[in-house]
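These notes are about the structure you will find just below.
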Amino acid sequence: MISDEIRRLHELHQAGALSDAEFEQAKAKVLAGERVNLHKDRSNHSSNHSSSAGPDFQAGFNSFEAQVRALRRSRRERWLGGVCGGLNGVLGLETWVWRLVFLLFALVTSGFGAVVYLLMWIFVPEE
């Protein structure tokens, strides 16, 4: 919801995480209907990894990290906790496919898939 996003931007601005210019730019994007990334890139992030890793690996890792950070449980597409709907939003695979994957994973692994779902329900924040 737009009001929730504006409120979150305001909280980040008040906490000092966003400068005045960043706040105004992000607010304009939200009002224009664009999706805003509320996580700042860390410039020292790439220095934490091995220097032998190529740029393709770094780009792939940063993309994966961005997807993990963007993961939120869905409020709209939920049967239980919204985990499958959240995975749909991040990875683009239909929600019913994720439900089937978790069900098959739980059956094949004697319930371990259910444990993974439960842990994601607990630790993945809601959108």
Side-chain angles (χ1 to χ4, degrees):
M1 206 162 201
I2 290 179
S3 61
D4 292 336
E5 291 181 33
I6 298 272
R7 181 183 46 78
R8 179 70 179 136
L9 286 172
H10 180 67
E11 290 171 0
L12 289 171
H13 180 62
Q14 294 293 30
L18 293 175
S19 68
D20 292 339
E22 290 171 328
F23 173 70
E24 291 301 325
Q25 182 182 17
K27 186 171 75 170
K29 284 184 177 182
V30 167
L31 292 174
E34 296 178 30
R35 188 175 180 128
V36 177
N37 182 7
L38 297 178
H39 302 287
K40 286 187 165 185
D41 292 334
R42 294 174 290 179
S43 59
N44 64 351
H45 179 71
S46 60
S47 64
N48 294 339
H49 299 292
S50 168
S51 60
S52 64
D56 291 340
F57 174 77
Q58 291 292 337
F61 181 78
N62 290 338
S63 173
F64 175 73
E65 181 184 24
Q67 286 180 337
V68 170
R69 288 182 181 272
L71 180 61
R72 299 285 184 262
R73 291 184 294 119
S74 175
R75 290 183 182 175
R76 292 176 297 278
E77 295 185 50
R78 68 170 24 178
W79 280 3
L80 292 174
V83 173
C84 295
L87 288 170
N88 171 26
V90 172
L91 300 175
L93 199 57
E94 292 293 325
T95 306
W96 67 269
V97 175
W98 283 112
R99 290 180 181 128
L100 184 63
V101 166
F102 274 108
L103 177 67
L104 292 175
F105 188 47
L107 292 174
V108 170
T109 60
S110 301
F112 186 69
V115 172
V116 170
Y117 185 92
L118 182 65
L119 289 173
M120 289 181 76
W121 191 350
I122 293 170
F123 292 110
V124 173
E126 193 171 48
E127 63 180 5

For A106 and A114, the nearest pair of non-hydrogen atoms, with its separation, is CB-N, 3.7 Å
Provide the closest heavy-atom pair for Y117 versus C84 in the form atom of the first, atom of the second, distance.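 That closest heavy-atom pairing would be CE1-SG, 3.9 Å.
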In the single-linkage hydrophobic clustering (I, L, V, M, F, W, Y; side-chain heavy atoms under 4.5 Å), do [X] and [Y] co-cluster?
X: L87; Y: I122; answer: yes
X: L107; Y: V116; answer: no
X: V115; Y: V108; answer: no

To the nearest 0.5 Å, what is the distance between [atom1] ([X]) and [atom2] ([Y])?
X: T95; Y: R99; atom1: OG1; atom2: CZ; value: 5.5 Å
X: F105; Y: L100; atom1: CZ; atom2: CG; value: 13.5 Å
X: F102; Y: L80; atom1: CZ; atom2: CG; value: 11.0 Å

L103, L91, V83 screened by side-chain contact (heavy atoms from CB on, under 4.5 Å) with W98, the one that passes: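 When L103, L91, V83 are each tested with W98, the side-chain contact (heavy atoms from CB on, under 4.5 Å) holds only for L91.
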Quick one: are L12 and F23 in side-chain contact, heavy atoms under 4.5 Å? no
